[in-house]
Amino acid sequence: MQDIVVLGDVEIIYPDLRRAVRRYGIDLFESHYSDGALNVRMLDSGYASVIPHGCTVIVDSADSASLHSLSGRDVSVITCGTAASDTLSLSSSSPRSAAVSLQRSLVTADGTVEPCEIPITLTRKINRSSLLTACALLLLLGIDCSDGYMM
């Protein structure tokens, strides 16, 4: 089973996640989903210490308390932020578009995605943390990024 934990107060309900909803039957309006093969949970940052071993955790790199709690644990951490060391970073943005940089290879539901720039079409205002978290989740779920995402 693939365990994914989204850590922090982020909103990730966007048009391209509808494909994930159809593909996996995920209801992202709920705080937890499991179908036996995939397990997605939304947790507040204060719960970093109770995340099960072996999970993939998506977290904002500015959340130093959560990163500290995850340090030394048996989890894969995907950091989202503005630093060159983050797994995903926002490389540019305007009111109608953005570009997200995947800065290292990422193992997904369908294989591996190599580092790349992901074009994003914005249909509404979105904060950086939510944008990067949604991209990370889409990538982990195996949603192809070659044509970009719409959010």
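Hydrogens, waters and symmetry mates play no part in the numbers below; they use all other heavy atoms, side chains included. The residues of the chain are indexed from 1 along the displayed sequence. As the structure is a computational prediction, the values presented were derived from the model and not from experiment.
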Query - Test item: side-chain donor near acceptor, Asn127 and Ser129, under 3.5 Å - result: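 No, Ser129 and Asn127 have no side-chain donor paired with an acceptor closer than 3.5 Å.
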Report task. Give me the one residue out of Leu90, Leu132, Ile126, Leu131 that meets side chain to side chain contact (heavy atoms under 4.5 Å, CB included) with Ile120. Result ->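 That would be Leu131; it is the only one of Leu90, Leu132, Ile126, Leu131 passing the side chain to side chain contact (heavy atoms under 4.5 Å, CB included) with Ile120.
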My understanding is that only residues two or more places apart in sequence, or in another chain, count here; which of them pass side-chain hydrogen bond (donor to acceptor under 3.5 Å, both in side chains) with [X]?
X     : result
Thr79 : Asp86
Ser71 : none
Ser94 : Ser97
Thr82 : none

If I take atom [atom1] from residue [X] and atom [atom2] from residue [Y], how far apart are they, to the nearest 0.5 angstrom?
X      : Y      : atom1 : atom2 : answer
Asp144 : Tyr149 : CG    : OH    : 7.0 Å
Leu106 : Gln103 : CG    : CD    : 12.0 Å
Thr56  : Leu140 : OG1   : CG    : 6.0 Å
Leu88  : Cys135 : CG    : SG    : 6.5 Å
Leu138 : Thr133 : CG    : OG1   : 11.0 Å
Ile78  : Ser76  : CD1   : OG    : 7.5 Å

Requested in this report: Return the set of residues passing side chain to side chain contact (heavy atoms under 4.5 Å, CB included) with Ser105 (not counting sequence neighbours), or none when no residue passes.
Outcome: Thr112, Glu114, Pro115
Query raised in the report: What residue pairs, at least two apart or across chains, pass salt bridge (charged side-chain N to carboxylate O under 4.0 Å, His left out) with a residue in residues 126-136?
Result: Asp60-Arg128
Query raised in the report: Nearest heavy-atom pair of Leu67 and Ser61: which atoms, and what distance?
Result: CD1-O, 3.4 Å
Query raised in the report: Can you name the nearest heavy-atom pair linking Arg104 to Thr87, along with the distance?
Result: NH1-CA, 2.7 Å
Query raised in the report: Short question: side chain of Ser101, backbone of Glu117 - any donor-acceptor pair under 3.5 Å?
Result: no
Query raised in the report: Is the shortest heavy-atom distance from the side chain of Ile118 to the side chain of Cys116 under 4.5 Å?
Result: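 Yes, side chains in contact.
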